[in-house]
There are 2 protein chains.
Amino acid sequence: MEFASMSKRQRSDVSSPTFASGAKIRRVTTASAIYEQLHAAILSLQMKPGVALQEKRIAEEFGVSRTPVREALLRLAEAGLVEIFPQSGTFVSPIPVSAIPEAVVIRKSLERTTVEHAAEIATAGDIARLDAIIARQRVHAALNEPSQFHEEDEAFHEAISAIAGYPGIWSILKSVKLQIDRARRLTLPVRGRMDSVIEEHMTIRDAIAAHDVDHARGAMMRHLSAVIPDIDELRLLYPGYFS
Amino acid sequence: MEFASMSKRQRSDVSSPTFASGAKIRRVTTASAIYEQLHAAILSLQMKPGVALQEKRIAEEFGVSRTPVREALLRLAEAGLVEIFPQSGTFVSPIPVSAIPEAVVIRKSLERTTVEHAAEIATAGDIARLDAIIARQRVHAALNEPSQFHEEDEAFHEAISAIAGYPGIWSILKSVKLQIDRARRLTLPVRGRMDSVIEEHMTIRDAIAAHDVDHARGAMMRHLSAVIPDIDELRLLYPGYFS
DNA sequence: CTGAGCGGATTGATATACTAGTATCCAAAA
DNA sequence: TTTTGGATACTAGTATATCAATCCGCTCAG
């Protein structure tokens, strides 16, 4: 792994504070920048499960001291992406096979709640926003851009949470999706799968637009069942990546 | 706020590493000890919402350097108990009124899932464990010990998650319950409420024991609806505590 | 030849020192 | 009297130094 070393002055030319949910006024700090980089690297499997992370080495690569690196690693540990063994070392977490079924259960439970409520109260504008996301997904599928496609996939589910008025649920879902997505990233993105995802999204969208709670729930449940990665197969392909 | 200053040697006489879920080998560290203390202080409202927390002052009170204090504060910030404004200050978070309805929704969604699955697969031993918890609750109610009662209440819900085989759901529930409990702590514990909680727990327990999924779900939903704190009233009693 | 014990090297944990941004307060001018 | 400008003090962010624990390899005794 190589990282572009960052200037210490980076935080001077930062944009105005973000007033996101919860009134976080936190600006871009060195620690959080490193967190983002490592987070992306682990999620994209550029850093493979099991490899050692050394505070000192990372600090040198980024051109900063160990303190912000340590802060970033602590946050990654809380997210479950790295494991810190005191006085021993820090390693990229293996993908926790055992946790994935539960993660799927949690997703189903929470997304069921959001999609039901969204179907009840969605406005025309909300539907338009979903349509826009699906349209972008079609483009990415046609151009075979799995990464951007996945981003829009996240946007779709986030939009539903937003429609339901449950932004907090989305932040929980994000953390739950982490490990699932890491496993899924191992499977080659299949062209056909993207198309069926779009179809499933369309079904969900239609049910929400029709305020049909039952169909919305059913469509979402089928959708979520379809995206469960085949762990056993992956375990064979990538031994040592799982716990 | 006053804290007992801690000996630097505290971590020497620590018990063997904990092998909790996820193979965390993390021992008791200064930072986590401080985290626990602050966590408890904020949750018990010994530290009122809005008051300023200064890394330096806390470090002096605990007799440690700023580094572990800072680590603890970062974790508290992630849990939503404090808000860190860079180069400005750290403050105990106000109780986020707007988030409480959503928190209740999340609880209902997840606890519905756990109680349903628990009702399906509970064994006699599981029921015995629930009975033991309820028995302890009776004692604490009789002796009017709200704090211990609340601990056993948590244990009851945790036990159901454990029966269902969803320990991850419990850890999510814990973080979601945080703000709810903080609001609830403002209401004086009423003797009668403890008794009705026990009754509701009994109903849930009976439904689980009978493998009656529908009744288990219904009882749990009623139970969770009953514990919603009356925010409007609290807002009048404690202005400035809420966001 | 084998194994226990010692010692050095590595690295995580903590402490301290330093930098830079923010807010407040006071004084001076309108 | 009010407003604005600057100086000051305080706080979080970062860097560096020091401490301590664990691990690995080597040596020496059996």
Side-chain angles (χ1 to χ4, degrees), chain A residues 5-19 23-38 51-78 82-92, chain B residues 5-17 23-38 50-78 82-93:
Chain A
S5 88
M6 46 178 68
S7 154
K8 204 195 289 185
R9 285 286 141 274
Q10 178 174 337
R11 72 178 183 284
S12 296
D13 52 301
V14 80
S15 58
S16 58
T18 64
F19 290 94
K24 285 185 193 168
I25 317 224
R26 175 152 215 132
R27 60 149 45 85
V28 171
T29 184
T30 313
S32 61
I34 294 171
Y35 173 84
E36 296 293 344
Q37 290 245 9
L38 292 176
V51 304
L53 290 164
Q54 290 147 19
E55 290 185 1
K56 192 180 171 185
R57 194 176 53 74
I58 295 171
E60 284 168 1
E61 282 174 2
F62 278 102
V64 299
S65 84
R66 278 175 54 198
T67 310
V69 173
R70 180 171 171 69
E71 251 176 45
L73 288 178
L74 282 170
R75 285 177 58 191
L76 287 169
E78 268 185 273
V82 306
E83 286 179 2
I84 301 177
F85 299 89
Q87 273 78 42
S88 171
T90 301
F91 305 88
V92 177
Chain B
S5 89
M6 45 178 68
S7 157
K8 206 194 293 184
R9 286 286 140 271
Q10 178 174 335
R11 70 179 185 284
S12 297
D13 51 299
V14 80
S15 57
S16 59
K24 285 185 195 168
I25 320 226
R26 177 146 214 137
R27 61 149 48 85
V28 171
T29 182
T30 312
S32 62
I34 293 171
Y35 174 83
E36 297 292 344
Q37 291 244 10
L38 293 177
V51 304
L53 290 164
Q54 291 150 19
E55 291 183 358
K56 190 181 171 187
R57 195 175 53 75
I58 295 171
E60 283 168 2
E61 282 174 1
F62 278 102
V64 299
S65 84
R66 272 178 53 202
T67 311
V69 173
R70 177 169 174 71
E71 256 176 43
L73 288 178
L74 282 170
R75 287 177 56 191
L76 288 169
E78 268 186 272
V82 306
E83 286 179 5
I84 300 176
F85 298 89
Q87 272 75 40
S88 172
T90 302
F91 305 87
V92 177
S93 300

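This structure is a prediction, so every number in the text was calculated from the model and none was measured. A, B, ... follow the sequence lines: proteins, then strands. Residue 1 opens every chain.
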Polar-atom pairs under 3.5 Å, protein N or O versus N or O of nucleotides 7-10 of chain C: list them with distances, or write none.
none

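One finds no side-chain N or O of B:T90 lying less than 4.0 angstrom from the OP1 or OP2 phosphate oxygen of D:dT11.
One can place CD of B:E83 at 18 Å from P of D:dT11, the figure rounded to the nearest angstrom. In this entry the distance linking CZ of A:R70 with P of D:dA17 reads 18 Å, nearest Å. Rounded to whole Å, atom P of C:dT11 lies 12 Å from atom CD1 of A:I58. Regarding A:I84, its CD1 atom lies at a distance of 16 Å from the P atom of D:dT22, rounded to whole Å. One can place CD of A:E60 at 13 Å from P of D:dA15, the figure rounded to the nearest angstrom. In this structure, B:F85 atom CZ and C:dA20 atom C1' are separated by 19 Å, rounded to whole Å. Separating the CZ atom of B:F62 from the C1' atom of C:dT14 is a distance of 16 Å, rounded to the nearest angstrom. To the nearest angstrom, C1' of D:dG13 lies 8 Å from CD of A:E71.
By the side chain to side chain donor-acceptor pair (under 3.5 Å) test, B:Q54 is found to be paired with no residue, residues two or more places apart in sequence or in another chain being considered. The side chain to side chain contact (heavy atoms under 4.5 Å, CB included) search around A:E78 returns B:R75, B:E78, not counting sequence neighbours. The side chain to side chain contact (heavy atoms under 4.5 Å, CB included) search around A:T67 returns A:S65, not counting sequence neighbours.
Residue-to-nucleotide contacts include no donor-acceptor pair under 3.5 Å from the side chain of B:S88 to the base of C:dA23.
Counting any heavy atom pair closer than 4.0 Å across all strands shown, B:L53 reaches sugar-phosphate atoms only and no base atom.
Exactly one residue among B:L74, B:L76, B:T30 makes a side-chain contact (heavy atoms from CB on, under 4.5 Å) with B:Y35. That residue is B:L76.
Atom CZ of residue B:R70 and atom CZ of residue A:R70 lie 12.0 Å apart, to the nearest 0.5 angstrom.
Of all heavy-atom pairs between B:F91 and B:G50, the closest is CD2-O, 3.6 Å. Between A:V82 and A:L73, the shortest heavy-atom contact is CG2-O, 3.7 Å.
A residue-by-residue look at B:Q54 and A:P68 shows that B:Q54 has its nearest nucleotide of DNA chain D further toward the 5' end. Between A:T67 and B:E55, the residue anchored nearer the 5' end of DNA chain D, judged by the nucleotide with its closest heavy atom, is B:E55. If you find the closest nucleotide of DNA chain C to A:G89 and to B:R66, the one lying nearer the 5' end belongs to A:G89.
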